[in-house]
**Q** 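Have a look at this one.
In this text the structure is predicted, and so the values were computed from the model without any measurement. Proteins come first, then strands; the chains are lettered A, B, ... in the order of their sequence lines, and each starts at number 1.
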Number of protein chains: 2
Amino acid sequence: MLSKKTKYAINALVYLARHADEQPIPVSRIAEERKIPLKFLESIFSELKNARIVKSKKGKYGGYSLNGGTDDIDLAQVVRLFDGAIALLPCATHDYYEPCEECLDETACGIRKVALEIRNATVASLKEATLANILAREQNLTR
Amino acid sequence: MLSKKTKYAINALVYLARHADEQPIPVSRIAEERKIPLKFLESIFSELKNARIVKSKKGKYGGYSLNGGTDDIDLAQVVRLFDGAIALLPCATHDYYEPCEECLDETACGIRKVALEIRNATVASLKEATLANILAREQNLTR
DNA sequence: ATAATACCTACCAAATAGGTAGGATTAAAA
DNA sequence: TTTTAATCCTACCTATTTGGTAGGTATTAT
């Protein structure tokens, strides 16, 4: 399960993508419209900015905007940023790799093979899910 | 990421599957061989028994054995038992379903569609991963 | 009887999740 | 130049979950 933080982040980014014309948008507006606790969302945007997924404009009439096009931001980036590794097992991740303690031969481990299979499929789906792709899915009700 | 509890459970079940001929097997033996804390593993087996995934024999020379064939037990059952829902979002699960608070039209939600896609693929992989299948993957090094 | 096992109840410490509080800094507008 | 509205920063907080431990009771083969 995704954490609330990740869910909030995704919702906020989709909101930014949907209002790409009127940016920058203040956090307060997103917090209100999407019913997300303001201070919590502020800290989320702080992390999104550090990760260069959004950029900010300070002061009055400031706010956040997407850093890059809606095609450049996908859910794999966001999930990794807030929830860490995507795989079910540390031995099946690329970025957060750790071997299992009692694994004699990792390349022969059946459990790991399942985990790798699932990880590959999940990452592929999450990478395909760019903000543009999510918006397109919402238009296209025939699914 | 799977919890340690789930990982321990999977490892213990694979151990039982691998030694299907010499059952029942005491928890102490699995704990020792797989380096799992004994008391913790005991509580895991208690849950596995409640879920009728294993069966027990009390007293001296007792222990646990698989309840059913190695084809009947798959990772979806085990993961659901210990970690709960498999999907990334509550609105994309069958058993643990909950709507999103701010979702106006769930059937049109792009994020949910991604989550459903991933869930379906993940559940399919986990169901395919029976204990028999895992053992087969370990034999078959050519993957 | 004894040894070895499952089973049961209670407790516990550390980490994580999900926030809140209070302000300092910046920049546009009046 | 003051006001307003925004980001940014530091610190704190509480509840839940995770990953165990402790200490025993009941059961069964030898």
**Q** Distance check needed: C:dA17 P versus A:M1 CE, whole Å only.
**A** 15 Å
**Q** Within the 4.0 Å heavy-atom criterion, would you say B:F40 contacts the bases, only the backbone, or no part of the nucleic acid?
**A** base
**Q** Give a yes or no answer on whether the side chain of A:S125 reaches the backbone of A:T122 with a donor-acceptor pair at less than 3.5 Å.
**A** no
**Q** Rounded to the Å, how far apart are B:L38 CG and C:dA4 C1'?
**A** 12 Å
**Q** If you look at every strand shown and take non-hydrogen atoms under 4.0 Å, does B:S46 touch a base, only sugar-phosphate, or nothing?
**A** nothing
**Q** Should the ring pair B:Y64 and B:F45 be called parallel, tilted or perpendicular, given that the plane angle runs from 0 to 90° and is split at 30 and 60?
**A** parallel
**Q** Taking only N and O in the side chain of B:Y64, is any of them less than 4.0 Å away from OP1 or OP2 of C:dC7?
**A** yes
**Q** Report the distance from atom CZ of B:F82 to atom C1' of D:dT17, rounded to the nearest whole Å.
**A** 16 Å
**Q** Rounded to the nearest Å, what distance is computed from the CG atom of residue B:N50 to the C1' atom of nucleotide C:dA6?
**A** 13 Å
**Q** Rounded to whole angstroms, how far apart are NZ on A:K5 and P on C:dT16?
**A** 12 Å
**Q** Looking for any heavy atom pair under 4.0 Å, which part of the strands does B:K60 touch: base, sugar-phosphate only, or nothing?
**A** base
**Q** Classify B:F45 by what it touches in the nucleic acid, base, sugar-phosphate, or nothing, heavy-atom distance under 4.0 Å.
**A** nothing
**Q** For the side chain of A:E42, counting heavy atoms from C-beta on, which of D:dA6, C:dC8, D:dC8 is nearest?
**A** D:dC8
**Q** Expressed in angstrom and rounded to an integer, what is the separation of B:I44 atom CD1 from D:dG20 atom C1'?
**A** 10 Å
**Q** On DNA chain C, compare the nucleotides closest to A:G59 and B:K57; which residue's is nearer the 5' end?
**A** B:K57
**Q** Regarding B:G62, tell me which of base, sugar-phosphate or nothing describes its non-hydrogen contacts under 4.0 Å with the strands shown.
**A** sugar-phosphate
**Q** OP1, OP2 of C:dC7 versus side-chain N and O of B:K49: anything below 4.0 Å?
**A** yes
**Q** Donor-acceptor pair, A:D83 side chain versus A:S3 backbone, under 3.5 Å?
**A** yes
**Q** Could you check whether A:N50 and A:E47, counting side-chain N and O atoms only, form a donor-acceptor pair closer than 3.5 Å?
**A** no
**Q** Considering only NZ, NE, NH1 and NH2 on the basic side and carboxylate oxygens on the acidic side, decide whether A:E42 and A:K39 come within less than 4.0 Å.
**A** yes
**Q** Nearest whole angstrom, please: distance from the C1' of C:dG19 to the NZ of A:K4.
**A** 10 Å
**Q** With a cut-off of less than 4.0 Å, is there a side-chain N or O of A:Y8 near OP1 or OP2 of C:dG19?
**A** yes
**Q** Mind calculating the distance between NZ (A:K35) and P (C:dG19) to the nearest angstrom?
**A** 15 Å
**Q** I want to verify a distance call: between D:dA29, C:dA28, C:dT26, whose nearest atom is closest to the A:K58 side chain?
**A** C:dT26
**Q** Looking for any heavy atom pair under 4.0 Å, which part of the strands does A:K39 touch: base, sugar-phosphate only, or nothing?
**A** base
